[in-house]
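Predicted, not measured: the structure shown is a model, and the values here were computed from it.
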Amino acid sequence: MKTILKKALIAVLVLIQPAMAVTLPVVKQYVDLNHPLESGMQTYPGLSDVHIYKTAPRYPNGALIDGIKFLGISATYIDAPYHADEHGMKITDYPLEKLVNLPIVVIEKPKDRVTFEVTDFKGVDVNGKAVLLHSGRSQFFGTPEYASHPPYLSTAAAEWLVKNHASLVGIDSLLVDNFNKNDTIPVHDILLKNGVVIAEDMTNISAVIGKDAFLTAVPPRAPMTSFPTRIFATIF
């Protein structure tokens, strides 16, 4: 009797197995939202520099071993809470759910001001989403103009994003804070200390405006405050 019941159970499992399979949606496009790392590049004026080097010529078997030296705030990167709080978690401590498959919402900065304000988010659902602040500033990346009064996020807007449970805030500008008044970093403090990931110096945000897109921003598991990241969008 037990053998009959066991065979019947196996038959039922075989029948329902196809119904349990998950069909993933078809990906239409992947979009890079990051600047690549390049030798000699500078991101934050006077600080960021990158050096890519070879340890030796190619070995007889054809293999080449190379290396890279850079600051954590080079190219496009994410910040961890440790960046603003010595007791906060580091890049290596971020759980993957904070960095993978985040629904994207894009906020465009009005041309008549340098800041992103609370009014720019009116009627926008940011709960659990990657909020990308689009100013078009990335076109000047790598030039002196990039650091000339760059757009940033107001503290009131940062508090609104925390209150409305944004998961990540990214900007295509030098900082989320006011670069020209950097004796304090209030926006970093507000966002990072409340568990909101920060991504700075992004690019190509316009490519995901109005799209059904999801963001991934996973750097190596490094015990650092910031780390360059290949941030990209998956468009369905």
Side-chain angles (χ1 to χ4, degrees), residues 31-53 66-85 88 90-92 94 98-99 104 106-107 109 114-116 130-154 158 168-192 196-208 215-233:
V31 178
D32 264 316
L33 301 173
N34 61 279
H35 294 285
L37 288 164
E38 298 177 355
S39 277
M41 73 183 301
Q42 190 171 94
T43 304
Y44 192 94
L47 283 179
S48 298
D49 60 272
V50 180
H51 176 52
I52 300 172
Y53 62 94
D66 54 8
I68 183 170
K69 296 178 181 179
F70 57 81
L71 297 181
I73 54 172
S74 298
T76 303
Y77 57 89
I78 66 170
D79 288 331
Y82 188 57
H83 183 58
D85 179 4
K90 300 176 182 179
I91 291 292
T92 191
Y94 269 134
K98 295 285 289 185
L99 306 171
I104 291 174
V106 177
I107 304 298
K109 184 187 71 64
V114 72
T115 55
F116 289 87
V131 181
L132 305 187
L133 308 178
H134 178 237
S135 70
R137 192 71 172 191
S138 65
Q139 65 180 305
F140 301 113
F141 184 82
T143 72
E145 177 65 20
Y146 189 64
S148 177
H149 302 286
Y152 61 96
L153 183 67
S154 73
L168 179 148
V169 173
I171 191 168
D172 60 352
S173 182
L174 194 56
L175 297 172
V176 290
D177 270 300
N178 184 356
F179 170 71
N180 296 107
K181 191 179 181 300
N182 59 9
D183 52 323
T184 59
I185 50 171
V187 175
H188 279 80
D189 286 336
I190 293 167
L191 296 179
L192 293 176
V196 181
V197 182
I198 293 175
E200 292 173 316
D201 300 282
M202 295 182 68
T203 190
N204 208 24
I205 292 177
S206 61
V208 297
L215 180 139
T216 295
V218 182
R221 297 178 70 182
M224 296 176 64
T225 65
S226 308
F227 209 95
T229 305
R230 187 166 188 176
I231 303 178
F232 66 91

### Summary
The side chain to side chain contact (heavy atoms under 4.5 Å, CB included) partner of Ile205 among Ile107, Ile104, Leu132 is Leu132

Has the side chain of [X] got a donor or acceptor atom that lies under 3.5 Å from a matching backbone atom of [Y]?
{"X": "Asp172", "Y": "Gly136", "value": "yes"}
{"X": "Thr203", "Y": "Ser138", "value": "no"}
{"X": "Thr43", "Y": "Ala75", "value": "yes"}
{"X": "Asn178", "Y": "Asn180", "value": "yes"}
{"X": "Ser135", "Y": "Pro151", "value": "no"}
{"X": "Asp49", "Y": "Gly40", "value": "no"}
{"X": "Glu200", "Y": "Val176", "value": "yes"}

In Å, rounded to the nearest 0.5 Å, how long is the span from [atom1] of [X] to [atom2] of [Y]?
{"X": "Thr225", "Y": "Lys90", "atom1": "OG1", "atom2": "NZ", "result": "9.5 Å"}
{"X": "Tyr44", "Y": "Asp201", "atom1": "OH", "atom2": "CG", "result": "10.5 Å"}
{"X": "Leu37", "Y": "Ser74", "atom1": "CG", "atom2": "OG", "result": "6.5 Å"}

### Message
Looking at Phe70, I want to see if its CZ is surrounded by more than 12 non-hydrogen atoms of other residues, nucleotides or ligands under 6.0 Å.
### Response
yes

### Message
Ring-plane angle category for Tyr146 and Phe141, please: parallel below 30°, perpendicular beyond 60°, tilted otherwise.
### Response
perpendicular

### Task
Report yes if the distance between the aromatic ring centroids of Tyr77 and Phe227 is under 6.0 Å, otherwise no.
no

### Message
Between Asp79 and His188, is the side chain to side chain donor-acceptor pair (under 3.5 Å) condition met? List the steps.
### Response
CA-CA 9 Å; Asp79 288 331; His188 279 80; 3.2 Å; yes

